[in-house]
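Excluded from the calculations below are hydrogen atoms, water molecules and symmetry mates; all remaining heavy atoms, backbone and side chain alike, are included. Order of the sequence lines fixes the chain letters, A, B, ..., with proteins taken first and strands second; residue numbering starts at 1 for each chain. Keep in mind that this is a model prediction, so the values were computed, not measured.
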2 protein chains.
Amino acid sequence: MSSLQEFIDYLRSRGYKVTPQRLEIFKTVKSMRNHPNVYMIYQEVKKKNPTISPATVYKTLEVLERVGEIQAVCQIDGKTVYDTKLSPHINIHCLKCHKIKDVESDLVERLVKEVQIKSGARIVSQSINFFGYCSKCADEK
Amino acid sequence: MSSLQEFIDYLRSRGYKVTPQRLEIFKTVKSMRNHPNVYMIYQEVKKKNPTISPATVYKTLEVLERVGEIQAVCQIDGKTVYDTKLSPHINIHCLKCHKIKDVESDLVERLVKEVQIKSGARIVSQSINFFGYCSKCADEK
DNA sequence: ATGCTTGCAAACCGTTTGCAGATCT
DNA sequence: AGATCTGCAAACGGTTTGCAAGCAT
């Protein structure tokens with residue numbers, strides 16, 4: 001799933017209701033980059049729907065996470081932001097500028113396979129977080 | 001670092017004070033397995049030092065994290081637990097029994113190297129989290 | 001008509017902070 | 001002696017909950 005129509009179909013198929021709020025939040029999240037937090041999403045959605053409440057945003061984000069449209073990422077300070085990336089990747093958390101950068105690697109898929117074989121577990125998703133200094137901040141040091 | 005003596009030396013070398021509370025928390029954390037949360041650590045430390053406060057536990061865990069003795073791990077429900085493992089590994093979060101299991105893999109080191117080359121970032125630590133069903137829960141399904 | 005959803009406000013809960021007294025160096 | 005640390009209690013901030021009114025089916 002990734003398009004608005006697919007989201008609508010998903011909601012209907014599960015007995016969830018299709019509301020303007022949910023569609024607006026879906027569109028907003030999809031248009032945002034750079035790992036927004038709930039407050040940033042709330043502020044952005046409010047531009048289109050000034051009366052929306054944070055509670056509605058929280059509840060819809062929970063639905064979007066269940067669908068697999070977004071993924072919560074825990075920052076080193078414990079705060080939660082969201083990732084709208086779908087493919088397996090690594091989050092690089094910069095300890096200086098605090099930005100998060102995504103990097104892809106074929107090794108992720110291999111790592112998942114190896115871990116499944118080694119542990120006997122069945123893996124359905126992953127969150128890989130590296131901490132250090134992004135290329136820009138590493139250069140400045 | 002890993003022994004009590006090394007921890008003491010570290011504290012002194014940084015101008016931190018060596019207090020009974022800090023030593024007790026260090027020993028307690030080192031004796032606990034299975035990813036305890038702050039409350040569990042606090043309860044355990046209280047057995048030896050009944051008047052200790054949660055604030056002291058929080059502050060000492062922060063020191064231990066800075067030293068690299070422990071690492072905060074964010075669970076899928078957003079709650080934080082601690083990992084006392086030092087070597088690079090993967091945390092498998094079971095979506096059914098909610099336990100966290102550690103698995104090691106040589107691929108982690110390779111992944112770190114590849115990401116550093118690809119991104120230009122300098123990586124100093126990592127937290128790799130896989131979500132799914134542990135071997136026990138996968139079998140029961 | 002039914003029942004899920006919204007928006008509001010209050011509650012919640014893990015964590016942090018301010019501060020006076022105690023402890024370490 | 002001087003600075004840091006402890007323990008307490010209050011504050012904080014992000015998130016969840018309860019509920020009455022609204023809306024989708």
Name the residue closer to the 5' end of DNA chain C, choosing between A:T56 and A:G15 according to the nucleotide with the nearest heavy atom.
A:G15
On DNA chain C, does the nearest nucleotide to B:K17 precede the nearest nucleotide to B:V38 from the 5' side, or the other way round? Give the residue.
B:V38
Decide whether B:H89 and B:D83 meet the rule of one side-chain donor and one side-chain acceptor closer than 3.5 Å.
yes
Between [X] ([atom1]) and [N] ([atom2]), how many Å, whole number?
X     : N      : atom1 : atom2 : result
A:I8  : D:dT25 : CD1   : P     : 10 Å
A:N37 : D:dT15 : CG    : P     : 8 Å
B:Q75 : C:dG14 : CD    : P     : 12 Å
B:L23 : C:dT23 : CG    : P     : 15 Å
B:L61 : D:dT6  : CG    : P     : 12 Å
B:Y82 : C:dT15 : OH    : C1'   : 10 Å
B:Y42 : C:dT15 : OH    : C1'   : 14 Å

From [options], nucleotide with atom closest to [X] side chain:
X     : options               : result
B:P20 : C:dC24, D:dT15, C:dG7 : C:dC24
B:K59 : D:dT15, D:dT6, C:dT5  : D:dT6
A:S53 : D:dT15, D:dG7, C:dC8  : C:dC8
B:R12 : C:dT5, C:dT25, C:dG7  : C:dT25
A:V18 : C:dT6, D:dT25, C:dG7  : D:dT25

[X] side chain N/O closer than 4.0 Å to the phosphate oxygens (OP1, OP2) of [N]?
X     : N      : result
A:Q21 : D:dC23 : no
B:T19 : D:dT4  : no
A:T51 : C:dG7  : yes
B:Y58 : C:dT15 : yes

What nucleic acid atoms does B:Y39 come within less than 4.0 Å of, heavy atoms only: base, sugar-phosphate, or nothing?
nothing
With side chains defined as the heavy atoms from C-beta onward, is the minimum distance between B:K30 and B:K27 less than 4.5 Å?
no
Salt bridge or not for B:E114 and B:R110, using N-O below 4.0 Å?
no
Assess the residue pair B:V81 and B:Q75 against the criterion (side-chain contact (heavy atoms from CB on, under 4.5 Å)); give the C-alpha distance rounded to whole Å, side-chain angles, the decisive distance to 0.1 Å, and a yes or no.
CA-CA 7 Å; B:V81 297; B:Q75 294 183 133; 3.7 Å; yes
Working for side-chain contact (heavy atoms from CB on, under 4.5 Å), residues A:K96 and A:E140
CA-CA 10 Å; A:K96 196 173 170 204; A:E140 288 170 12; 3.2 Å; yes
